[in-house]
Amino acid sequence: MAKKRAKIRLFVEGTLGEGQGIVASKEQANYLFNVMRLKIGDNVLLFNGRDGEWQAEVVEAGKRAGKLACRSQTAPLQLPPDLWLLFAPIKKSRTAFIVEKATELGAARIMPVLTDFTNMDKIQIDRLRAYALEATEQCGGTFIPEVCDIQKLSDVLDDWPEDRHIMFCDESREALPVAQALAAETKGKWAIVIGPEGGFSPAEAERLRGMKQVTCVTLGPRILRADTAAVAALTAWQSALGDWE
Ligand code: SAH
C-alpha cells in the first residue's frame with residue numbers, strides 16, 4: 001500500500017482566498033519541488049496568519065519557482081486569547097524555547113523586556129520571529145503571535161493599559177498559588193510577567209506589586225528556570241482563563 005504522505009503546511013505572505021494564486025518563493029519552490037518532490041496536482045496546506053488555512057494545488061512546479069492555487073478553506077483564522085507574555089531574554093536557545101512554547105500554548109503577543117538583572121541584551125529578533133512562524137506551521141495554528149522588539153520593562157509599565165491584567169510570577173514571597181489566584185479572576189485582556197535568571201530587582205518587584213492590574217502568583221515551592229516558569233505560567237493561565245474549554 002502506498003504510504004500516505006503527511007500534509008505539508010506552509011506559511012506564505014500573500015492573500016489566501018477562493019481561486020487565489022500564490023507564487024512560491026525560491027526557497028519554497030526548492031522545498032516543495034526538490035526536497036518534497038511535489039508534482040503538479042499535489043496538494044499542500046497554506047496559511048498566512050490572517051486568512052485561516054487553505055488547501056492549495058500545485059499548478060506550476062519548477063526548480064526555482066512555482067505556483068499554487070487555493071482550492072478550499074480547511075480552517076478559519078483562530079485567534080488565541082488576548083494574552084501577552086513578557087519575559088527577560090535569557091540564553092539564546094532558551095529564549096527560542098520560550099518563543100516556541102508561547103506560540104504553541106497560545107499567546108497573542110510575545111514581548112522580550114530588559115529588566116534590571118537581565119543578563120542578555122542582544123537578541124536576534126528576526127530569529128525569534130522565525131521561531132514563532134515555525135511553531136505555528138508545526139502546531140497547526142493559523143495565527144502567528146507578534147514578537148515585539150525588545151523594550152525596557154520600566155518603559156512598558158509606564159504605558160501599561162488600564163484594562164490589561166497582569167499575572168506576575170513572583171517566586172520571592174507569599175503570593176497566592178496560581179490556580180487559587182486565577183479562580184478569582186475573569187477572562188479578558190491579560191499579560192504574564194516572568195523575570196530573568198537573577199529574578200526581578202527589589203524595585204521592579206515593588207513596582208509590579210503596587211500596580212492595581214497585578215495579581216501575584218506562585219508556581220509552586222521550587223524556583224523554576226525562566227523558560228520552565230514561562231511554560232508553567234502559560235499552562236496555568238490557559239487552563240483557568242484561556243481557550244482550553
Ligand atoms: N530570583 C531567583 C531566580 C528567578 S527564576 C533566584 O535566582 O533565586 C526566573 C523567573 O521565573 C522569576 O523571576 C519568576 O518570574 C519565575 N519563577 C520561577 N520560579 C517561580 C515560582 N516558583 N513561582 C513564581 N514564579 C517563579
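Order of listing sets the numbers, starting from 1, for every ligand and every atom in it.
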Ligand 1: which protein N/O atoms lie under 3.5 Å from its N/O atoms?
residue	atom	partner	partner atom	Å
ligand 1	1 (N)	E171	OE2	2.7
ligand 1	7 (O)	E197	O	3.3
ligand 1	13 (O)	E171	OE1	3.4
ligand 1	13 (O)	G195	N	3.3
ligand 1	15 (O)	C169	O	2.7
ligand 1	15 (O)	G195	N	3.0
ligand 1	19 (N)	L224	N	2.9
ligand 1	22 (N)	G220	O	2.9
ligand 1	22 (N)	R222	O	2.8
ligand 1	23 (N)	L219	N	2.8

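Looking at R129, its side chain does come within 3.5 Å of a backbone N or O of V147 through a donor-acceptor pair. Between the D159 side chain and the V156 main chain, no donor and acceptor come within less than 3.5 Å of each other.
Between D82 and R164 there is a salt bridge, since at least one side-chain N of the basic residue sits less than 4.0 Å from a carboxylate O of the acidic one. Taking a cutoff of 4.0 Å between a charged side-chain nitrogen and a carboxylate oxygen, D158 and K152 do not qualify as a salt bridge.
Remark: the Q20 side chain and the T15 side chain contain no N/O donor-acceptor pair separated by less than 3.5 Å.
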Would you mind writing out the side-chain donor-acceptor pairs for residues 218-229 within the sub-3.5 Å range, not counting sequence neighbours?
residue	atom	partner	partner atom	Å
T218	OG1	G220	N	3.1
D227	OD1	R94	NH1	3.4
D227	OD2	R94	NH1	2.6

